[in-house]
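What follows is a single structure, written as structure tokens, with notes after it.
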Number of protein chains: 2
Amino acid sequence: MADGPTITTIAERAGVSIASVSRVLNGLPTRQETVRKVMAAADELGYVRNAVARSLKSRRTHQVAFAMADIGNPAYLAMLREIQPVLKAAGYRLVLHSTDAVAADEIDVLHSLGERYVDGLIMSPLRVTETHLRMLATARAPVVIIGSVPDGTPVDNVRADSRTGVRLAIDHLHMLGRRRIGMVNGPLDTVPGAARGAAYREALAAVGLPYEEKLVEIGDFYRAEGRRAVETLLRRVPDIDALMCANDLIALGALDVLRAAGKRVPQDVAVVGMDDTDLAAASWPSLTSVSLGSAERGKAAAELLLDRLQHGDREPRLVTVLPRLVVRASTAGEGSEGGRSS
Amino acid sequence: MADGPTITTIAERAGVSIASVSRVLNGLPTRQETVRKVMAAADELGYVRNAVARSLKSRRTHQVAFAMADIGNPAYLAMLREIQPVLKAAGYRLVLHSTDAVAADEIDVLHSLGERYVDGLIMSPLRVTETHLRMLATARAPVVIIGSVPDGTPVDNVRADSRTGVRLAIDHLHMLGRRRIGMVNGPLDTVPGAARGAAYREALAAVGLPYEEKLVEIGDFYRAEGRRAVETLLRRVPDIDALMCANDLIALGALDVLRAAGKRVPQDVAVVGMDDTDLAAASWPSLTSVSLGSAERGKAAAELLLDRLQHGDREPRLVTVLPRLVVRASTAGEGSEGGRSS
DNA sequence: CCACACACCGTAAACGTTTACAGTGACTTT
DNA sequence: AAAGTCACTGTAAACGTTTACGGTGTGTGG
């Protein structure tokens, strides 16, 4: 209720100056007797340091922001889960922004760095525009970008290698004998969408399969969109035998549609997701998925940022996280029919 | 690089006092000419208000904290997803804490309210101890608790009604003809664990079934723990015909074990989860689950807090969110065998 | 021509810290 | 006993805002 005690209150009660109080509270060398008096007064008053005043003076807030494109996407949540403890361990609080994949909101976050309510920012933009780059160049606090950014951009950067990731998946499908491998992608003007689309084409070439327009369908990175896209694709190519999905949500949509269409997974159609979210392990048949290391990327980003906050200027660094194919039932299992045995 | 501009910089460049600058920036009545000069200077310098200094003066940070017990639990994430946009719309930033269900961490968060880096707190403690209550009574900023709290505690409170929730599930199972309905619960010393355990007992009585010790197994709210618990339970009561699980993760563990044991779901054993997380819809068979309205609770909590921040003291309020049974395949579907038809 | 009202503006204090600097007293050294 | 050293402490400025208060200059009314 009443206004909380400040160092002035303590100083009065302990009969010393505010400077002494501050010194005691910060553990600077002080006479025992003074320490005792100050501590006693602070305890009795239930004093707690005012973080705002402290930040104003020290120019450090001990807060870091994480701006994610979509708070509903499990891949970002996986990053969040790793980022949070790393920051916490280093004594930083986490301010969370969800930009709903709206570029203007991302710019806003970048702009608000000038308000200095955080010491740094981790951001994972879906699209990187000219404005992004301009703001990054003049940002008033260190920024780490998760996701690809043009070479030479002066920020710490953590990347997934979706190219290799898609390659792993296509190799796997090819080795299983699949030859009509479709792709269900998200919007091509997003960073992941573009990268995954190109990687698919490349990976097909690498195993000697032709790229066919009709095998590709574009939707968005959501389950319902995935369903819609797969329905279209299935109508166009009824004998498709594998689906490379640009994320797990799309893949779940694919499973829905395939089940409804009476296709067995993986016997008739093998399905691969991407991001290896919790959902992949929860679904049934469980979903083979390309892990792009969301967790590792989050962790790496947090560590890069902390490092920069502590050591200031050094060359921008680039960390690339290696993908991993997590094989589960949707490509190599006994499939929708066989769950009961074993 | 260089220190950012402050109102002093602007004042110099515009040839006015800092008071005028402040007035212009805050839209207080000022002569047109002055407004023009200040705005021009601010634009040229790329001025951005310092949020920390502003907070120090205004005693408002426009930040709100959300302390969740477990950042890995989808139920909390569902709350987070609702809380974030509500706060954002009202101009507040979100500071995220994960307490890992450690009481000491929760106390810490409560204590740190004294640091005044947030204007309010939404907290969802797993256990509510004496210390919690003491700190709540003297908290230096408004707190909203999601979860039950003793009557008369002077905080805004949002509750689920797990009693009715469990009741809905048991009724449903009973109506489907199940008579050996087991329960897989989490620790009884947690708020949800205790509530759900008691509710199970009560709901059985309501449909005229006896409560039997052997039908209950205690684990923890994780999938692996759920697996372990269900294995034990299945060994003890091989002909069990339904499982009421205290959350979705446990239920997924149950599905794993049942599948491995060759039991069909729902024909042999019906399974009900709780919290109705994304996982429930993703699993296969999809999981019947009691929604305790995580999303609604998050939203309500955020709204209660905003209301209190704006209107100060009024009676503490209690919002109870009604549960809903979401029936899916794990109780009423065609089951593990039948997915292909339709 | 003076008094007054009014609109606008500048000075300075305040928010709660941290910290440079100077001051005090006790103790050592010669 | 004077000078110097040292450990500790207090005064005051600073961080970047907001805002109460008083001052200035213009225009109006008597």
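No experiment lies behind these values; they were computed from the predicted model shown. Numbered from 1 within each chain, the chains take letters A, B, ... in sequence-line order.
- Looking at heavy-atom distances under 4.0 Å, B/Val52 makes no contact with the nucleic acid at all.
- No contact: B/Leu28 has no heavy atom under 4.0 Å from any strand.
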*Between A/Arg317 and A/Asp307, does a salt bridge (Lys or Arg N to Asp or Glu O under 4.0 Å) hold up when you go through it step by step?*
CA-CA 11 Å; A/Arg317 291 196 283 172; A/Asp307 195 71; 2.9 Å; yes
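- Interatomic distance, B/Ile146 CD1 to B/Met68 CE, rounded to the nearest 0.5 Å: 11.0 Å.
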_Worked verdict on A/Phe66 versus A/Leu94 for side-chain contact (heavy atoms from CB on, under 4.5 Å)_ = CA-CA 7 Å; A/Phe66 175 42; A/Leu94 207 220; 3.7 Å; yes
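- In this structure, A/Ser20 reaches the sugar-phosphate backbone alone: every heavy-atom distance under 4.0 Å involves primed, P, OP1 or OP2 atoms, never a base.
- Scanning DNA chain C 5' to 3' for nucleotides with an atom closer than 4.0 angstrom to a non-hydrogen atom of chain A gives a first and last hit of C/dG16 to C/dT19.
- Between B/Asp105 and A/Lys88 there is a salt bridge, with a side-chain nitrogen of the basic residue lying less than 4.0 Å from a carboxylate oxygen of the acidic one.
- B/Lys299 NZ to B/Glu303 CD: the interatomic distance, rounded to the nearest 0.5 Å, is 4.5 Å.
- With DNA chain D read from its 5' end, the first of the two nearest nucleotides for B/Arg23 and B/Pro5 is the one closest to B/Pro5.
- Sequence neighbours left out, the pairs with a member in residues 149-159 of chain A that pass side-chain hydrogen bond (donor to acceptor under 3.5 Å, both in side chains) are A/Asp151-A/Arg159, A/Asp156-A/Arg308, A/Asn157-A/Arg159.
- When atom types are taken as modelled, the side chain of B/Asp100 and the backbone of B/Val102 share no donor-acceptor pair closer than 3.5 angstrom.
- Looking at heavy-atom distances under 4.0 Å, A/Thr6 makes contact with sugar-phosphate atoms alone, never a base.
- Near-neighbour residues of DNA chain D inside residues 30-46 of chain A, defined by a heavy atom below 4.0 Å, number-ordered: A/Thr30, A/Arg31, A/Thr34.
- Separating the CD1 atom of B/Ile7 from the P atom of D/dT19 is a distance of 11 Å, rounded to the nearest angstrom.
- Formation of a donor-acceptor pair under 3.5 Å by the A/Thr8 side chain with backbone atoms of A/Thr6 is not found in this model.
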